[in-house]
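First comes the structure, then the notes that go with it.
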There are 2 protein chains.
Amino acid sequence: MDWQTFLSKAGYRLSEPRKRIMKLMEMADKPLNPLAIHRLLREQGVHLGLVSVYRTLELFFSLGLISQVFQPDGLVGYLPVSFGHHHFIVCQNCHKAVEFLGSEDMQELIQRIHSETHYQVRDHLLQFYGLCPECQALLENGDIN
Amino acid sequence: MDWQTFLSKAGYRLSEPRKRIMKLMEMADKPLNPLAIHRLLREQGVHLGLVSVYRTLELFFSLGLISQVFQPDGLVGYLPVSFGHHHFIVCQNCHKAVEFLGSEDMQELIQRIHSETHYQVRDHLLQFYGLCPECQALLENGDIN
DNA sequence: TTGTTATTGATAATATTTTTCAATAAGCCA
DNA sequence: TGGCTTATTGAAAAATATTATCAATAACAA
Ligand SMILES: [Zn+2]
Ligand SMILES: [Zn+2]
Ligand SMILES: [Zn+2]
Ligand SMILES: [Zn+2]
């Protein structure tokens, strides 16, 4: 089921701004924040209010259609996310992000956390940072640090 | 080496505001944001500027003395962190956080990410959410959801 | 104790996020 | 298809959060 169907079935309307915003995020291969989305849409001639961007992101996020991405410096952007258990790895240089399937490998870690802290583990946030293939090449050429 | 020694050796002064702020964060067992720190200190009669809180947190964070904690809803707070490879588990109800030792268990996951995405993995963000022992008891009593 | 200078705090300037409400348009139904 | 109902949008303003500036202060070395 695609996000449009999902949105409809959840009782929300498939408005033009919502379509534009989701399409932009799908095109972009890096996390975008509200201001960036607003600016990028204006640049391509789509004139919509910043407030709508905030509202749309909030809705999409609450429905689990997009996920928050935390850059190493704490900034946050949004990216469309596949259904299921996924995480992102983000390039530290160009910020391009790729989704990967979450594994069940953390079961033993979760087990250890429970015995050490006595917390009941219910959820987790996992993101990796590194260099995408293109930026690895740049690094080898000495073009970046 | 404690944080005060570390700060001195790094060439920074051990000012009163810095001591107050770190002490507060050490006392609190949950992540605090700049505004909360400012408010809490005022409540206990310590009158210092909000700007200093921002600056101090920025300094501590850049030195790795504190770490950012992302609540499930994206909010961020700061917590003092031990030296070495650690992560936090945060209670979804009372927000109390506990540090645990990072394991090397993720090596195979990192390996898999590399072969799937061709990204070079260099860092990661890992946080768990759950229920602390106290809130587990509350849950069993039906006092919380 | 004194001098040097990093650090603070007050104020102002920016930036970000939320609220409000009339105007608009999405989707339903005839 | 064309109108009706109401979710959704956009503009403006309000509220919050963050950063910049600079004279006054205090940490710390000598
Ligand atoms: Zn890259
Ligand atoms: Zn996972
Ligand atoms: Zn708790
Ligand atoms: Zn780790």
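A, B, ... follow the sequence lines: proteins, then strands. Residue 1 opens every chain.
- For B/R18, a side-chain nitrogen or oxygen approaches OP1 or OP2 of C/dT8 to under 4.0 Å.
- One can place CZ of B/R13 at 7 Å from C1' of C/dT7, the figure rounded to the nearest angstrom.
- Using bins of under 30°, 30° to 60° and over 60° for the plane-to-plane angle, the ring pair A/F70/B/F70 lands in the tilted bin.
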Verify salt bridge (Lys or Arg N to Asp or Glu O under 4.0 Å) between B/E108 and B/R112, making sure each step is shown before the conclusion.
CA-CA 6 Å; B/E108 22 187 306; B/R112 206 191 86 214; over 6 Å; no

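- Residue B/L14 contributes atom CG, which lies 17 Å from atom C1' of C/dT5 at whole-angstrom precision.
- One N or O on the side chain of A/T117 and one on the backbone of A/I113 form a donor-acceptor pair closer than 3.5 Å.
- Distance from the side chain of B/V51 is smallest to D/dA20 among C/dT19, C/dT16, D/dA20.
- Distance CD (B/E58) to C1' (D/dA20): 12 Å, rounded to an integer number of Å.
- If you take CZ of A/R20 and C1' of D/dT8, they are 17 Å apart, rounded to a whole angstrom.
- Regarding B/F60, its CZ atom lies at a distance of 11 Å from the P atom of C/dT7, rounded to whole Å.
- When rounded to the nearest whole Å, the span between CG of A/L48 and P of C/dA25 equals 13 Å.
- A sub-4.0 Å separation between OP1 or OP2 of D/dT8 and a side-chain N or O of A/S15 is absent.
- Residue-level contact check: B/R55 touches the bases, meaning some heavy atom is under 4.0 Å from a base atom.
- Contact between the side-chain N/O atoms of A/S52 and the OP1/OP2 oxygens of D/dG10 is found at a separation under 4.0 Å.
- In this structure, B/P34 and A/L59 both approach DNA chain D, and ranking their closest nucleotides by distance from the 5' end singles out A/L59.
- A residue-by-residue look at B/R42 and B/G11 shows that B/G11 has its nearest nucleotide of DNA chain C further toward the 5' end.
- Ring planes of B/H85 and B/H124: perpendicular class, angle over 60° (limits at 30 and 60°).
- Atom pair B/N33:CG and C/dT16:C1' shows a separation of 15 Å (rounding to whole Å applied).
- One N or O on the side chain of B/H38 and one on the backbone of B/L48 form a donor-acceptor pair closer than 3.5 Å.
- The nearest whole Å value for the distance from the CG atom in B/L50 to the P atom in D/dT16 is 14 Å.
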